[in-house]
Amino acid sequence: MSESLLEVRDLRVYFGSRERPVRAVDGVSFDMREGETVALVGESGCGKSVTAMALSRLVPEPPGFYAGGEVLYRDQHVLQLDERSLRDIRGNEISYIFQDPGASLNPVFRIGYQIREAIQLHRPDDDAEHEVLELMQMVGMSDPQRAARAYPHELSGGMQQRAMIAMALACRPRVLIADEPTTALDVTIQAQILELLVKLQAELGMAMLLITHNLGLVAGVAHHVNVMYAGRIVESGETVDVLTRPRHPYTAGLLKAVPRLQGGDERLVGLEGTVPNPAGWPEGCRFAPRCPMRQPRCEAEDPPANRIAQGRYSRCHFWEQLNP
Amino acid sequence: MSASMDNLSSDGRTLWGEAWRRLRRNRLAMICLWIVGFYTVLALYGEGVYRWHQWRDITPSYQRANLDKQYLEPSPLRQPFAAERVDSQTGETVVLSGWSRLRSGMSNLLTHPMGTDGLGRDVFQRLVQGTRIAYQVGIITSLIAIPIGVLLGCLAGYFGGRTDDFIVWLYSTFAAIPGLLFILAIAMVVGQGLLGVYLGIGLTMWVGLCRLIRGEVIKHKDRPYVTAAHALGVGHTRIIFRHILPNVFHVVIVTFTLRFPAAIGTEVFLSFLGIGVQGEPSWGIMISNARLRLWHGVWWEMAFVTAAIFFIVLAFNLLGDALRDALDPRLREGGESS
Amino acid sequence: MSEASTQRSPLLEVNDLHVQFGPRRKPVRAVDGIDIVIYPGESVGLVGESGCGKTTTGRAIMRLLDVNAGRIQFQGKDIAPITGSALKDYRKQVQMVFQDPYGSLNARMPVGRALEEVMQVHRMGTRTERRQRAAQLFESVGLDPAYMDRYPHEFSGGQRQRIGIARALALQPQLIIADEPVSALDVSVQVQILNLLKEVQQQEQLAYLFIAHDLAVVGYICERILVMYQGKIVEAGQPSDLFSNPQHPYTQKLLDAVPDVDQALLRRSGASE
């Protein structure tokens with residue numbers, strides 16, 4: 001097992017006032033190794049995007065603040081770095097791809113210019129012109145010369161996302177963070193973009209953090225999966241193991257809630273209730289109000305991250321009763 | 001792996017080119033643009049005349065009193081093509097016919113086409129000088145106001161917090177001072193004249209622009225493309241001025257076209273009151289002078305100046321509205337259609 | 001099921017529908033000659049990617065936009081020429097549920113009022129009767145009637161979609177056109193809404209035209225699926241047939257693109273062995 005490239009330890013990112021904070025990310029720990037794809041799965045409001053932004057201290061402060069924990073990137077304490085060192089890491093070592101490529105590209109500049117800027121930010125004296133076209137070819141833009149002259153709104157969603165990927169990969173980062181990279185795209189385009197990401201990740205040997213709400217995507221590409229709920233990772237483990245033998249009722253419930261192609265006429269049983277509001281997590285186990293196997297103990301006592309095996313954790317008191 | 005490019009509609013046109021194309025389709029805007037262009041040429045011509053006289057060190061024609069020619073009506077009303085003419089040297093009446101009559105008529109038409117004022121000065125020449133001064137005021141006050149407004153607006157909108165509080169306090173304070181008092185105060189410090197007008201208008205005009213830019217920047221700073229720029233490691237200065245500012249720059253252009261006539265109006269008003277331009281024929285001074293003679297039936301000076309102000313203000317305002325539509329990023333073509 | 005339905009007369013029949021946008025010389029053929037038949041109580045899915053014309057089809061059936069050619073019949077009557085009170089009556093029978101319930105609810109109106117208003121427009125009952133019916137509707141979509149005086153922003157996405165459904169049900173329609181009703185919702189809430197739609201369908205004997213891009217979702221709720229591509233219907237069939245034996249290459253492409261947990265895990269276990 002290789003060394004950790006990125007290590008997150010008990011990360012806490014809160015919003016609002018220090019007296020009554022909104023605890024968006026409340027004690028998240030995981031790590032990523034070189035060449036590994038790690039998924040962060042959860043529904044809206046669970047804190048997965050904030051976690052992603054915190055990895056290179058991108059959460060705007062204020063209203064956000066780092067209430068605890070640390071992010072270690074190759075033995076550097078990212079959250080303690082000054083603005084200049086952070087800028088050297090962002091885009092250069094840790095890169096991002098966002099959900100809405102149309103809005104993430106600057107509408108007033110041509111694609112080629114934006115990709116060139118991404119290169120020259122960290123390597124000012126490069127032969128950027130040549131490299132722009134090379135990058136565009138690498139991400140599968142078939143007519144790079146023409147696309148380089150286009151403005152973002154002149155490209156389709158898929159093409160825009162390819163351009164975003166080209167920008168993210170401009171400096172050959174070691175960590176790629178893809179925050180819902182395919183959610184805004186059409187189904188068939190989604191598949192293409194995902195395939196491209198997996199291919200590039202293998203070619204460039206990056207670690208990839210895939211943030212998504214879609215368990216199907218996770219099942220397809222991730223090595224390791226972290227399931228997030230209410231600001232915390234509730235279950236973590238090797239992907240196939242987690243998805244076939246979930247040891248947390250939330251993961252189990254999510255899996256049961258997804259309509260399957262081969263589902264037949266079987267009625268799906270979803271989870272009751274809705275995702276809680278980050279402004280006030282429930283006491284005790286945060287999943288308890290929606291949990292089908294809740295016990296009195298759950299509402300009183302916050303479950304710790306129970307270790308099941310090497311790299312396999314569940315934040316449920318009764319994990320042993322699930323898929324034993 | 002390669003995906004089709006059929007959605008690409010780029011034909012190498014820039015966004016400004018696209019806005020220009022939209023503006024050109026608006027006929028009213030094009031008429032206004034021609035009017036503005038015409039005034040600009042007049043102002044440049046006036047500048048040339050002014051410079052030439054200054055270089056030759058002589059009193060310009062539009063300042064020289066000629067009491068023989070007091071209150072001449074505009075030339076078309078002076079029967080320029082009359083068959084009889086009094087020879088200025090001999091005092092005899094000469095009868096003209098054919099070509100010479102036409103030639104004399106044309107030259108009559110061109111001397112004092114808008115008549116003369118109470119000191120026998122050519123109204124047209126003075127009007128041209130007025131245009132020159134109006135343009136000077138519009139441009140110089142914009143050069144003072146736009147950089148201040150843009151810079152402070154960007155800083156306030158982007159950084160928020162204390163920076164924002166301070167800048168909002170600053171422009172609220174400026175906005176709270178009655179404009180006239182402010183300009184009077186400046187005139188007291190720097191003395192009456194154009195400098196006072198420039199500073200007075202320029203230092204009050206940035207407030208509106210600053211407020212608009214601040215609002216736009218606040219809207220843009222949370223857009224995903226700004227977050228994406230942060231994630232690439234772009235610094236604050238570059239994000240403000242290279243990423244956000246180009247996206248809100250249309251506000252500057254529209255504000256400029258709408259503020260330009262407002263500045264001209266303020267100058268006219270100040271000069272009319274006597275605290276503005278001194279010793280030069282600005283529109284305000286012309287109106288102020290013409291007012292006294294209006295009762296004697298001398299309507300033309302007042303009429304031409306008013307018309308000049310009316311058309312330039314109208315043209316700039318309509319152009320500003322058209323520009324706002326043409327530059328509106330929401331109307332940009334090629335957006336998604338379902 | 002389809003055998004039984006052939007006995008009955010269709011509720012909605014769309015023949016050779018064409019809808020075009022843009023200049024007449026170079027029109028965009030958003031809907032390019034499609035046929036749809038929906039029987040009472042049946043749910044039909046319309047699947048395709050964005051821009052394929054599925055939303056346009058729904059809006060054309062609602063008479064929210066003009067049709068260039070073709071015929072839309074509702075209960076045997078052509079709806080193209082109807083106006084005024086007949087159109088109002090038609091819209092009472094056919095209701096719509098939108099993707100973004102927040103956008104389609106008035107932010108400044110309490111949600112209970114929004115339900116009452118629909119009934120008021122169609123002159124149903126007295127004020128107290130409408131109030132009672134609104135409360136009843138609230139309960140039937142799984143919301144506490146105590147929340148009727150709250151405003152849309154006080155509800156979560158799933159609750160808002162429940163309100164959207166309650167509003168569509170208020171007039172007791174025959175057909176509901178649901179345009180991507182769950183695609184903006186969280187996974188765990190999605191299935192709640194899908195189950196709710198199934199329940200009210202059984203209670204009210206509703207027919208659905210269910211427009212979506214997600215084949216698995218459509219397969220869960222619909223008895224028949226129409227696959228739409230570039231303004232045309234390229235394949236139609238029952239979910240199980242369509243999923244196991246797609247005929248058209250586009251259907252195959254759509255199926256391959258669905259990120260299905262089972263298939264992905266199957267593929268991985270196959271690769272590791």
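Because the structure is predicted, anything quoted here is derived from the model rather than measured. In what follows, every chain begins at residue 1, and chains take the letters A, B, ... in the order their sequences are listed.
The two residues C:Ala264 and A:Gly216 make their nearest non-hydrogen contact at CB-O, 4.2 Å. Residues A:Pro259 and C:Leu194 come closest through the heavy atom pair CG-CD1, 4.2 Å.
Going from atom OG of C:Ser240 over to atom CG of A:Leu261 covers 12.0 Å, rounded to the nearest 0.5 Å. Residue A:Arg260 holds its CZ atom at 6.5 Å from CG of C:Asp260, rounded to the nearest 0.5 Å. With values rounded to the nearest 0.5 angstrom, C:Tyr229 atom OH is found 8.0 Å from A:Thr188 atom OG1. Between C:Ser188 atom OG and A:Glu272 atom CD the span is 11.0 Å, to the nearest 0.5 Å. Note that CD of A:Gln190 and NE2 of C:His213 are 6.5 Å apart. Values are rounded to the nearest 0.5 Å.
For chain A, the option among C:Glu49, C:Gln192, C:Gln159, C:Gln263 with the highest count of heavy-atom pairs below 4.5 Å is C:Glu49. Your options are A:Gly253, A:Ala222, A:Ala191, A:Gly45, and the one with the most heavy-atom pairs under 4.5 Å with chain C is A:Ala222.
Checking each of C:Val261, C:Val187, C:Asp186 against A:Leu254 for a side-chain contact (heavy atoms from CB on, under 4.5 Å) leaves exactly one that passes, namely C:Val187.
By the neighbour-count criterion of 12 heavy atoms within 6.0 Å, atom CZ of A:Arg312 is densely surrounded, having more than that number from other residues, nucleotides or ligands. In A:Glu283, the CD atom is not crowded: 12 or fewer heavy atoms of neighbouring residues, nucleotides or ligands sit closer than 6.0 Å.
When the heavy atoms of residues 242-254 of chain C are compared with those of chain A, the residues falling under 4.5 Å are C:Phe243, C:Lys253, C:Leu254, listed by number. Contacts with chain A (heavy atom to heavy atom, under 4.5 Å) involve no residue of residues 134-143 of chain C.
Contacts between A:Asn214 and chain C at a heavy-atom distance below 4.5 Å involve the side chain alone, from C-beta outward. With a 4.5 angstrom heavy-atom cutoff, A:Leu255 touches chain C only via side-chain atoms. Contacts between C:Ser156 and chain A at a heavy-atom distance below 4.5 Å involve the side chain alone, from C-beta outward.
Using modelled atom types, no side-chain atom of C:Gln190 and backbone atom of A:Val258 make a donor-acceptor pair closer than 3.5 Å. Without hydrogens or angle criteria, C:Tyr220 side chain to A:Leu268 main chain gives a donor-acceptor distance under 3.5 Å.
Considering only heavy atoms from C-beta on, A:Val240 comes within 4.5 Å of C:Leu265 through its side chain.
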